[in-house]
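What you are looking at is a predicted structure, and each value in this text was computed from that prediction instead of being measured. Every heavy atom of this structure was used, including side-chain atoms; hydrogens, water molecules and symmetry mates were not.
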Amino acid sequence: MKKLVIFDLDGTLLNTIEDLGNAANHALEQNGYATHSMASYPFFVGNGVRRLIERVLPEDKRDIETVDRVLKDFKEYYNDHLTDCTKPYPGIEDMLVELRAKGVRLAVASNKYQAAAERIINHYFGNIDFAAVEGQKEGVKTKPDPSIVFSVLAKTKVTKADVLYVGDSGVDMETARRACVDSAGVTWGFRPEKELIDYHAGTIVNNPSQIVDLVDTGLPLD
């Protein structure tokens with residue numbers, strides 16, 4: 001039985017894509033650039049907000065000064081609107097409650113900047129005890145660099161063999177691989193199942209209740 005489950009946030013615990021897309025489009029409009037359809041945003045996100053802004057800007061407008069300016073407008077808007085449309089995926093809260101009832105510890109490892117990660121977890125899961133909520137911090141590399149996982153392990157004192165990492169993208173599966181922990185890719189998030197397979201997900205789960213089963217058995221699901 002696993003002792004700690006580390007979750008990605010956006011696309012795994014919460015469907016945040018509309019609020020992220022709205023904030024990015026607002027920032028683009030403020031600076032005179034074309035916006036993008038909401039359907040394109042699942043493929044823009046996943047590597048932190050700076051990388052998001054770089055991706056949504058025209059290729060010839062990705063200099064540091066422009067990215068900084070648009071990113072500032074993004075954060076100002078997102079900080080005021082990060083819970084407008086965001087919601088947990090069906091079954092997530094029940095799964096978290098069940099894991100805690102079994103004594104399994106929970107953590108978040110996200111490329112969302114730290115202040116936003118903490119706010120959004122407290123807003124939607126304030127009744128859930130998380131051992132650590134790790135977001136993107138200045139001077140620390142974003143996923144798939146495994147530093148964020150190592151920060152969680154340092155706080156929780158749990159060994160790698162007792163950890164399951166759960167995420168919705170190739171970035172997450174690569175993070176788990178580099179950290180040398182077991183991984184589960186979820187199919188309800190932002191990226192297609194093929195990406196999870198291509199990045200060597202330890203197993204694939206199609207609904208949150210399967211995560212409880214996986215933690216109990218420690219075996220790949222059929």
Side-chain angles (χ1 to χ4, degrees), residues 1-14 16 46-49 88-89 91-186 189 196 199-205 208-221:
M1 181 172 176
K2 297 296 186 183
K3 297 179 180 178
L4 170 69
V5 182
I6 302 175
F7 292 95
D8 171 56
L9 181 52
D10 300 72
T12 301
L13 294 179
L14 294 169
T16 57
N47 296 89
V49 290
Y89 289 100
I92 288 293
E93 186 165 5
D94 288 344
M95 176 266 296
L96 295 175
V97 169
E98 188 169 356
L99 288 176
R100 285 300 298 132
K102 291 175 175 289
V104 179
R105 302 177 77 183
L106 310 175
V108 168
S110 174
N111 278 342
K112 186 185 292 293
Y113 56 100
Q114 183 70 32
E118 290 176 354
R119 279 186 57 199
I120 210 165
I121 285 292
N122 287 335
H123 180 86
Y124 290 101
F125 305 116
N127 61 322
I128 305 292
D129 177 28
F130 283 89
V133 175
E134 294 291 310
Q136 188 274 322
K137 300 174 183 176
E138 195 69 30
V140 179
K141 292 181 179 179
T142 57
K143 299 183 296 184
D145 186 276
S147 297
I148 193 169
V149 173
F150 298 151
S151 293
V152 171
L153 297 181
K155 288 184 175 181
T156 58
K157 310 300 183 186
V158 176
T159 62
K160 293 180 180 182
D162 292 323
V163 173
L164 176 67
Y165 182 101
V166 179
D168 72 305
S169 72
V171 168
D172 292 310
M173 300 305 99
E174 178 65 8
T175 302
R177 187 191 69 81
R178 294 188 189 186
C180 299
V181 298
D182 288 341
S183 65
V186 307
L196 300 171
Y199 279 85
H200 310 292
T203 190
I204 303 292
V205 296
S209 65
Q210 289 181 294
I211 296 172
V212 179
D213 296 337
L214 188 59
V215 166
D216 281 342
T217 64
L219 301 173
L221 298 172

Checklist line | Closest approach of Val158 to Leu153 (non-hydrogen atoms, all atoms of both residues) | finding: O-CD2, 3.5 Å
Checklist line | Residue pairs, two or more places apart or on separate chains, that pass salt bridge (charged side-chain N to carboxylate O under 4.0 Å, His left out) and touch residues 127-138 | finding: Arg100-Asp129, Glu134-Lys137, Glu134-Lys155
Checklist line | Verdict with reasoning, Thr203 to Gln210, per side-chain contact (heavy atoms from CB on, under 4.5 Å) | finding: CA-CA 11 Å; Thr203 190; Gln210 289 181 294; over 6 Å; no
Next item on the list: Report the residues that fulfil salt bridge (Lys or Arg N to Asp or Glu O under 4.0 Å) with Lys102, sequence neighbours left out, ordered by chain and then residue number.
Entry: Asp216
Next item on the list: Please name the pair of heavy atoms, one in Leu196 and one in Ser169, separated by the smallest distance, quoted to 0.1 Å.
Entry: CD2-N, 3.5 Å
Next item on the list: Kindly determine whether Val171 and Asn111 satisfy side-chain contact (heavy atoms from CB on, under 4.5 Å), including the steps that lead there.
Entry: CA-CA 10 Å; Val171 168; Asn111 278 342; 4.3 Å; yes
Next item on the list: Compare every heavy atom of Ile92 with every heavy atom of Pro208, then report the nearest pair and how far apart it is.
Entry: CG-CD1, 3.8 Å
Notebook entry, point to check: Does a sphere of radius 6.0 Å around NZ in Lys141 hold more than 12 heavy atoms from other residues, nucleotides or ligands, not counting ones at 6.0 Å or beyond?
Noted result: no
Item checked: Shortest non-hydrogen contact between Tyr89 and Thr12, atoms and distance -> CD1-O, 3.6 Å
Notebook entry, point to check: Once you round to the nearest 0.5 Å, how far does CG of Asn122 lie from CD1 of Ile128?
Noted result: 12.0 Å
Notebook entry, point to check: Is it true that atom OH of Tyr199 has more than 12 heavy atoms of other residues, nucleotides or ligands lying nearer than 6.0 Å?
Noted result: no
Next item on the list: Could you pull out all residues at least two apart from Lys112 that satisfy salt bridge (Lys or Arg N to Asp or Glu O under 4.0 Å)?
Entry: Asp10
Note to self: Would you say that Leu9 contacts Leu14 through its side chain, given a criterion of any heavy-atom pair below 4.5 Å between the two side chains?
What the structure shows: yes
Notebook entry, point to check: More than 12 non-hydrogen atoms from neighbouring residues, nucleotides or ligands closer than 6.0 Å to NE2 on His200, yes or no?
Noted result: no
Notebook entry, point to check: Could you state the interatomic distance from CE (Met95) to CD1 (Ile211), rounded to the nearest 0.5 Å?
Noted result: 4.0 Å
Notebook entry, point to check: Can you name the nearest heavy-atom pair linking Leu214 to Ala184, along with the distance?
Noted result: CD2-CB, 3.8 Å
Note to self: Measuring only between side-chain heavy atoms, which start at C-beta, is Glu93 closer than 4.5 Å to Pro88?
What the structure shows: no
Check: Does Glu118 use its side chain to pair, donor to acceptor, with the backbone of Tyr113 at less than 3.5 Å?
Finding: no
Checklist line | Separation of Asp168 CG from Phe7 CZ (nearest 0.5 Å) | finding: 12.5 Å
Next item on the list: Could you list the residues that satisfy side chain to side chain contact (heavy atoms under 4.5 Å, CB included) with Ala109, not counting sequence neighbours?
Entry: Ile6, Ile148, Tyr165
Check: For Phe125 and Leu106, what are the C-alpha separation, side-chain angles and deciding distance, and is it a side-chain contact (heavy atoms from CB on, under 4.5 Å)?
Finding: CA-CA 12 Å; Phe125 305 116; Leu106 310 175; over 6 Å; no
Margin query: Just to verify, what does Ser147 make a side-chain hydrogen bond (donor to acceptor under 3.5 Å, both in side chains) with, not counting sequence neighbours?
Written below: Asp145
Checklist line | Partners meeting salt bridge (Lys or Arg N to Asp or Glu O under 4.0 Å) with Arg177 (sequence neighbours left out) | finding: Glu174
Next item on the list: Would you check if Val215 and Met1 make a side-chain contact, meaning some heavy-atom pair closer than 4.5 Å?
Entry: yes
Notebook entry, point to check: Do you know the tightest heavy-atom contact between Val152 and Ala107?
Noted result: CG1-CB, 3.6 Å
Next item on the list: Enter the distance from Leu13:CG to Tyr124:OH here, rounded to the nearest 0.5 Å.
Entry: 12.5 Å
Next item on the list: May I ask you to test the Val163-Asp182 pair for a side-chain heavy-atom distance under 4.5 Å?
Entry: no
Notebook entry, point to check: From Leu164 CG over to Lys3 NZ, what is the distance, rounded to the nearest 0.5 angstrom?
Noted result: 15.0 Å
Check: Going through the distances and angles, do Asp172 and Lys143 end up as a side-chain contact (heavy atoms from CB on, under 4.5 Å)?
Finding: CA-CA 7 Å; Asp172 292 310; Lys143 299 183 296 184; 2.9 Å; yes
